[in-house]
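Heads up: the structure comes next, in structure tokens.
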Number of protein chains: 2
Amino acid sequence: MRRPPTIIDVASYAGVSKSSVSNVLQGKRTVDETIRKRVLDAIDELGYRPNAGARYMRQRSKVLGVVVDDLTNPFHAELATYIEAYAAKRMHSILLVVTGSQLEHQSSRVRSLVEHRVAAMMFLSAPGKKALELVGPEIRKVFVGIRMAKELSIAVDDSAGTSLAVEHLAALGHKKIGFVSAMLGNDPNVEAARFKGYQHGMRVAGLGVEEAHLLREVGARNSEPSPNYQEILKQFLGRRNRPTALVAALDRVALEIISAADALGIRIPESLSLVGFDDITIASHSRIALTTIAQPMKDLARLVVDAAIDGPSAVAGGKPPASIFLPPRLVVRRSTAQAPTKR
Amino acid sequence: MRRPPTIIDVASYAGVSKSSVSNVLQGKRTVDETIRKRVLDAIDELGYRPNAGARYMRQRSKVLGVVVDDLTNPFHAELATYIEAYAAKRMHSILLVVTGSQLEHQSSRVRSLVEHRVAAMMFLSAPGKKALELVGPEIRKVFVGIRMAKELSIAVDDSAGTSLAVEHLAALGHKKIGFVSAMLGNDPNVEAARFKGYQHGMRVAGLGVEEAHLLREVGARNSEPSPNYQEILKQFLGRRNRPTALVAALDRVALEIISAADALGIRIPESLSLVGFDDITIASHSRIALTTIAQPMKDLARLVVDAAIDGPSAVAGGKPPASIFLPPRLVVRRSTAQAPTKR
DNA sequence: TTGTATGCGTTATCAT
DNA sequence: ATGATAACGCATACAA
């Protein structure tokens with residue numbers, strides 16, 4: 001048989017009408033047990049699989065769109081994995097588009113999603129305005145790990161996370177605590193929130209924020225570490241009055257800091273403490289052993305999928321769109337230690 | 001307007017028949033320029049997007065299925081990114097399913113792909129027999145980075161890769177070169193091919209393969225490193241007569257070896273040289289600096305997508321299904337060094 | 001060149 | 001409880 005069997009083939013094979021087959025497929029209770037069995041056997045015999053495309057012409061699609069700028073980002077890859085897993089549990093499929101850094105390409109990929117009439121779109125990275133306008137109000141939008149004004153965002157409490165980081169460092173006796181976020185693609189709002197948490201943490205600890213301890217110039221969004229990022233970092237770390245501890249806006253940045261520090265002979269944690277953010281898998285490797293702020297990825301995934309399928313009200317109690325923030329968790333490893341004693 | 005506009009809405013708005021709209025959409029040259037413009041304007045005005053599901057009932061689907069067991073595996077994530085990018089360039093979308101380690105779940109995810117009538121399925125991980133049988137002959141199957149008998153497989157030349165690794169180590173004066181592959185999920189055939197390349201490399205170098213220098217017990221497939229994997233590794237590395245150099249079947253295994261060696265105080269590369277396989281992103285980090293065998297991921301992605309869209313004959317000259325193997329590349333970093341002088 | 005009619009596989013409505 | 005039939009949105013063969 002060249003082409004896959006249709007519901008009609010099943011019906012005629014089972015000697016019933018296609019309506020009955022459909023009823024069996026839909027799990028309707030009104031169908032007689034003997035007929036149900038005949039249909040089930042026919043399906044099995046013919047290897048029939050319902051055509052999802054045809055089905056979605058009459059029913060709500062069970063496909064969820066995921067848009068991410070860079071799957072190579074371990075945090076995104078891990079989050080996407082959890083999302084797919086939970087979506088599958090809820091009988092939904094994932095149409096994945098990765099947009100890369102080019103804005104036009106982004107629109108084209110998002111357009112593809114709307115043409116597929118996905119039930120909802122989940123954004124792991126902030127889309128451009130153009131791309132966002134494409135999607136229209138009939139398709140549900142949920143933002144994960146990033147913040148989008150006027151839209152439902154589900155994320156870790158970024159500010160609380162960096163506050164936690166500062167608190168941890170302050171408890172270790174650090175006074176000169178810096179913050180670096182530059183040039184590694186992430187949502188600007190997220191960066192801002194994490195910086196805010198850092199500021200807040202400093203205030204609570206009774207510490208002052210010095211401009212010289214900050215590295216925040218924002219480069220191209222959604223981009224790989226630029227070749228000269230290491231140089232910038234080295235210059236920052238090479239300063240006479242450099243911080244004794246650093247809060248990195250993401251683990252990826254922390255990884256770069258480690259490289260720069262190594263190159264400069266600055267020992268971590270002996271003479272520089274470092275806290276990351278995200279707790280990507282490699283952070284736990286013995287060579288890295290990064291103290292970091294872990295995101296509750298499974299909860300994030302569950303909530304975002306629920307919101308995508310059931311609507312915002314299913315996860316947000318009040319009047320959506322309201323954002324919901326989950327608590328972060330400090331994971332202490334070996335990149336942080338007691339502040340060096342004053343020389 | 002509650003529901004998205006259809007081709008009929010566009011037609012009536014433009015004052016033409018739906019056929020003309022369709023013709024414009026299909027890029028037919030036969031349509032009058034003035035009508036084409038009217039249609040295009042109407043589309044723009046209404047924000048019309050063709051319904052892909054409905055379209056695919058008459059045309060070949062432009063959705064490609066990707067099945068992977070674990071997106072957390074950096075090699076898979078990177079490969080998937082390239083695949084999506086090239087598929088997009090060819091105007092196709094990616095329906096992604098991640099199967100995890102459970103076999104039944106695997107079938108369910110693959111079933112979902114066939115119900116969506118994807119144009120082709122691309123396997124980044126070896127599926128179980130059950131899952132494979134589900135998919136039937138009308139859906140094209142391509143295997144990437146793994147080997148499947150009787151099917152089109154596109155992969156790096158695994159044997160050549162590990163041979164390269166051995167050659168590199170032998171050139172550095174190593175005699176006792178081991179091979180470890182145990183317990184980190186991968187296709188058994190791939191493991192076998194890489195081991196074969198190791199053996200061949202040893203033979204060419206005039207070196208003998210000793211059983212004691214091998215760690216190949218295969219644990220659960222498709223699984224995360226088990227908790228006691230470190231223990232096994234430490235025991236292996238702690239032996240009196242351990243190899244002075246190791247070929248790891250994948251970078252992920254190499255990462256584990258590094259941890260174990262560190263824990264034992266075995267210095268890399270001074271007293272143990274190590275070569276990985278895949279060249280995942282983290283391998284280039286200064287703390288890891290892993291000498292490894294790089295796969296031509298972009299070429300892999302391009303070929304597999306072409307094969308998925310155009311059929312096996314588009315990439316394989318002869319009579320498909322034939323497998324095609326791409327040459328690997330040795331990337332030398334700092335995990336390999338001259339063999340320690342005999343004591 | 002443009003419009004009309006039909007089919008694609010499924011669900012949903014409505015008689016029976 | 002079951003079956004006939006009308007949508008669903010689009011492409012295509014054919015007629016005009």
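Order of the sequence lines fixes the chain letters, A, B, ..., with proteins taken first and strands second; residue numbering starts at 1 for each chain. Values reported hereafter were calculated over all heavy atoms of this structure, with side chains retained and with hydrogens, waters and symmetry mates removed. If you're wondering where the values come from, they're calculated on a predicted model, not measured in any experiment.
- Comparing C/dG3, C/dG9, C/dT10 against the side chain of A/M57 picks out C/dG9 as the nearest.
- Rounded to whole Å, the distance from CG on B/N23 to C1' on C/dT4 is 13 Å.
- Here B/S20 lies in heavy-atom contact (under 4.0 Å) with sugar-phosphate atoms only.
- A/T6 has no side-chain polar atom (N or O) that falls below the 4.0 Å cut-off from OP1 or OP2 of C/dG9.
- Straight-line distance from the CZ atom of B/R29 to the P atom of C/dT1: 12 Å, rounded to whole Å.
- For D/dA11, the OP1/OP2 oxygens have a side-chain nitrogen or oxygen of B/S22 closer than 4.0 Å.
- Listed candidates were D/dA11, C/dA12, C/dT10. Nearest to the side chain of A/K28 is C/dA12.
- Going from atom CZ of A/R117 over to atom P of C/dT11 covers 19 Å, rounded to whole Å.
- Side chain of A/T99 to backbone of A/Q106: no donor-acceptor contact under 3.5 angstrom is found.
- Looking at B/V66, B/V118, B/V67 one by one, the single match for side chain to side chain contact (heavy atoms under 4.5 Å, CB included) with B/L95 turns out to be B/V118.
- Counting only distance, with no hydrogens or angles, the side chain of A/R147 and the backbone of A/N189 share no donor-acceptor pair below 3.5 Å.
- Of the possible donor and acceptor atoms, none in the side chain of B/S93 sits under 3.5 Å from a partner among the backbone N and O of B/V63.
- Nucleotide D/dC10 holds its C1' atom 9 Å from the CG atom of B/L25, rounded to whole Å.
- At the heavy-atom level, B/V21 lies nowhere under 4.0 Å from the strands shown.
- Phosphate contact (OP1/OP2 of D/dG3, side-chain N/O of A/S19, threshold under 4.0 Å): absent.
- Distances shown here put every side-chain N or O of B/R58 at or beyond 4.0 Å from the OP1 or OP2 atom of D/dG9.
- OP1 or OP2 of D/dC10 has not a single side-chain nitrogen or oxygen of A/Y56 nearer than 4.0 Å.
- The side chain of A/V16 sits closest to D/dG3 out of C/dT11, D/dC10, D/dG3.
- The CZ-C1' distance, from A/R60 to D/dG9, rounds to 19 Å in whole Å.
- Using cut-offs of 30° and 60° on the angle between ring planes, the pair A/Y56 and B/H116 is tilted.
- We find that CG of B/N51 is positioned 16 Å from P of C/dT10, with the value rounded to whole Å.
- A donor-acceptor contact shorter than 3.5 Å is absent between the side chain of B/R302 and the backbone of B/Y86.
- Atom CD1 in B/I7 sits roughly 14 Å away from atom C1' in C/dT4 (whole-Å rounding).
- Applying the 4.0 Å criterion to OP1 and OP2 of D/dA11, one finds that B/R55 has a side-chain N or O inside that range.
- OP1 or OP2 of D/dA11 has at least one side-chain nitrogen or oxygen of B/Q26 nearer than 4.0 Å.
- Looking at which nucleotide of DNA chain C each of A/I8 and B/E33 is closest to, the 5′-most match is held by B/E33.
- Summarising the geometry, the separation between CZ on A/R49 and C1' on C/dT10 is reported as 16 Å, rounded to the nearest angstrom.
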